[in-house]
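Note sheet for the following structure.
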Amino acid sequence: MTVPPGTERVGIVGGGIVGLAIARALALTGGFDVTVLEKERRVAAHQTGHNSGVVHAGLYYQPGSLKAILCARGRELTRDYCRDRALPYRELGKLVVAVTPEELPRLDEIERRARANGVPDLARIGPERMRELEPHVAGVGAVHSPHTAVVDFAAIAEAMASDVRGAGGRVLLGAEVVGVSAGERTTAVATTAGSHTFDRLIVCAGLQSDLVARIVGASPSPRILPFRGEYWTLEPSRAELVRGMIYPVPDPRFPFLGVHFTRGVYDDVHVGPNAVPALAREGYGWGNVSLRDTFGSLMWPGAPALFRRHWRMGAREILASLLKPLYYRQAREFVPELRPSDLAEKAHAGVRAQAWSADGSLLDDFAVDQVGSVTLLRNAPSPAATSSMAIAEYVLREHLGVPVREG
């Protein structure tokens, strides 16, 4: 294909929502010939298509962090995009609930962060107001985020792919990257479906991001540690137990929110996720095992430190995954009327691409590296889906030097 003079050729590795948001932003800006390389036969095949669908409002994140800044901007952009494209966007609201008085200091910190992050219309409420919003909830206090919403992120990703194609770009499926050779002016990329030459390369490979980084020649650290999140579906006849979203007060020692209740955009109610180490990068069940992935995680220099720090949490999560009564017990703390039979069946599971350093620490913020003409997203877990269009603005502005139009 002939590229017009002055047009910059940009390759994007990864057809999840973040990669597609960056591709869309470049294609619509003009002056770029954009090609998305996705190894699966469809877009949004992994993290984008296996999450809870929540558009976060920014309650949890350290003020001033990339997560805090880009989540706030991303929520607005996602809302506007869904409205423009007639995609479902439902502001069902979220309660972050302190079940016991001992959790109130942690709830205070969540409230402080949320207000510093400008979460709109945030309210600190007591038990009476909690039960007006969620009649079946239990707890001594909560913060209420009325504008936390739910969407269909896979549908958004499909719409973005359509935008890329409509602007003259390409979304190539079944094109797994197997080789990258970065020269002084161009980067050659070999895939299972052919070879390409780009002026710039952007890697948004999610669960495979550290492996692609090594192909590029970047540092192997941080490594991706896959955590599987499992959901149970609430029996439809008992869906009235949850009107919107009910979340626990998160433990600041862990990058996970804990088991919670979410009414989805199509009115299904699911309970979860937990967080168990996956035995494969794309290990959506205990039967999905990759000896290479598991051995690689165990041999990572940070593994002993991570195990010493979090083995109790890991053991608890694994047991709850294997034993339904333990999972049920965690959920029932927030909705005492919940019965074991209300957890009808295990629904979809997702795998979170959590980056961890060689010292065993889990990265909390988004992380973007630059190696010559290659931009690498090294850590983009939740709220990356919420933040995807804001991440695109950030990458264009800070790493590609492309002016971004506000609004």
Side-chain angles (χ1 to χ4, degrees), residues 10 12 14-30 32 34 36 43-44 47-49 51-61 63-94 114 117-122 145-167 169 171 202 204 206 245 265 365-366 368 375 377 379-400 402-407:
V10 181
I12 295 172
I17 196 168
V18 175
L20 290 168
I22 294 172
R24 174 181 177 271
L26 285 168
L28 295 179
T29 295
F32 295 94
V34 178
V36 177
V43 300
Q47 291 184 103
T48 303
N51 61 39
S52 62
V54 174
V55 179
H56 294 281
L59 279 75
Y60 312 103
Y61 316 119
S65 65
L66 279 179
K67 278 190 177 182
I69 296 166
L70 299 182
C71 181
R73 173 69 174 155
R75 182 188 68 83
E76 296 176 346
L77 292 171
T78 301
R79 177 199 62 202
D80 295 346
Y81 186 77
C82 287
R83 290 175 179 173
D84 290 345
R85 287 309 197 93
L87 295 169
Y89 185 96
R90 300 177 64 188
E91 290 188 345
L92 299 179
K94 174 195 291 186
N117 292 337
V119 174
D121 299 326
L122 187 82
S145 170
H147 298 293
T148 297
V150 288
V151 297
D152 183 339
F153 280 121
I156 294 173
E158 291 282 3
M160 288 181 175
S162 179
D163 292 341
V164 172
R165 297 184 183 105
V171 179
I202 304 170
C204 308
M245 290 164 253
V265 73
D365 207 359
F366 297 146
V368 186
T375 304
L377 273 74
N379 192 46
S382 179
T386 298
S387 309
S388 60
M389 285 184 271
I391 292 173
E393 290 183 339
Y394 173 81
V395 169
L396 263 64
R397 181 178 60 248
E398 301 297 329
H399 287 268
L400 304 184
V402 178
V404 175
R405 293 178 299 175
E406 296 294 329

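In this text the structure is predicted, and so the values were computed from the model without any measurement.
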Practice item. Evaluate the side-chain proximity of Thr375 to Ile22: yes if any heavy-atom separation is below 4.5 Å, no if none is. Key: no

**Study point:** Smallest separation among heavy atoms of Gly15 and Val36, with atom names
**Key:** CA-CG1, 4.1 Å

Revision key, fill the gap. Residues passing the ring pair (Phe, Tyr, Trp, His ring centres under 6.0 Å) test with His147, sequence neighbours excluded, are none

Review point. Rounded to the nearest 0.5 Å, how far does CD1 of Ile156 lie from OG1 of Thr48?
Key: 10.0 Å

Check your understanding: Taking all non-hydrogen atoms of both residues, which atom of Ile202 and which atom of Val10 are closest, and how far apart?
Key -> CD1-CG1, 3.9 Å

Review point. Atom CG in Leu20, atom CD in Glu158: separation rounded to 0.5 Å?
Key: 8.5 Å

Point to revise | Approximate separation, where rounding is to 0.5 Å, of Leu87 CG and Thr78 OG1 | key: 10.5 Å

Point to revise | Chi angles and distances behind the side-chain contact (heavy atoms from CB on, under 4.5 Å) call for Asn379, Asp365 | key: CA-CA 7 Å; Asn379 192 46; Asp365 207 359; over 6 Å; no

Check your understanding: Considering residues at least two apart in sequence or located in another chain, which fulfil the salt bridge (Lys or Arg N to Asp or Glu O under 4.0 Å) criterion with Arg75?
Key -> none

Exercise for review: Please examine the side chains of Val55 and Arg79, heavy atoms only from C-beta on, and report whether any two atoms are closer than 4.5 Å.
Suggested key: no

Exercise for review: Measure across Val18 and Ala384 and return the closest heavy-atom pair with its distance rounded to 0.1 Å.
Suggested key: CG2-O, 4.0 Å

Practice item. Report yes if some heavy atom in the side chain of Leu92 is under 4.5 Å from a heavy atom in the side chain of Thr148; otherwise report no. Key: no

Point to revise | All ring pair (Phe, Tyr, Trp, His ring centres under 6.0 Å) counterparts of Tyr89, not counting sequence neighbours | key: none

Check your understanding: Can you tell me how far the CG atom of Leu66 sits from the OH atom of Tyr394, to the nearest 0.5 Å?
Key -> 4.5 Å

**Study point:** Side-chain donor or acceptor of Ser387 paired with backbone N/O of Ala390 under 3.5 Å
**Key:** no

Review point. If you look at every heavy atom in Ala114 and Leu122, which pair is closest and at what distance?
Key: CB-CD2, 3.5 Å

**Study point:** Side-chain heavy-atom pair Leu77, Glu393 within 4.5 angstrom cut-off
**Key:** yes

Check your understanding: Can you tell if the side chain of Ser52 reaches within under 4.5 Å of the side chain of Phe153, non-hydrogen atoms only?
Key -> no

Review point. Within the side chain of Thr386, is there an N or O that forms a donor-acceptor pair under 3.5 Å with the backbone of His56?
Key: yes

Check your understanding: Heavy-atom distance under 4.5 Å between the side chains of Leu377 and Ile391, does that happen here?
Key -> yes

Review point. Are the side chain of Asn117 and the backbone N or O of Gly58 linked by a donor-acceptor pair below 3.5 Å?
Key: yes

**Study point:** CG-OG distance between Asn51 and Ser382, expressed to the nearest 0.5 angstrom
**Key:** 7.5 Å

Check your understanding: Can you find a heavy atom in the side chain of Lys67 that is under 4.5 Å from one in the side chain of Tyr60?
Key -> no

Check your understanding: Taking C-beta and beyond as the side chain, do Val150 and Met245 meet within less than 4.5 Å on heavy atoms?
Key -> yes

Point to revise | From CE (Met389) to CZ (Arg24), nearest 0.5 Å | key: 6.5 Å

Study note, to complete from the structure: Here the pair of heavy atoms bringing Val34 nearest to Ala23 is CG1-CB, 3.7 Å

Practice item. Check Ala392 against Ala25 and note the closest heavy-atom contact, atom names and distance. Key: CB-CB, 4.1 Å

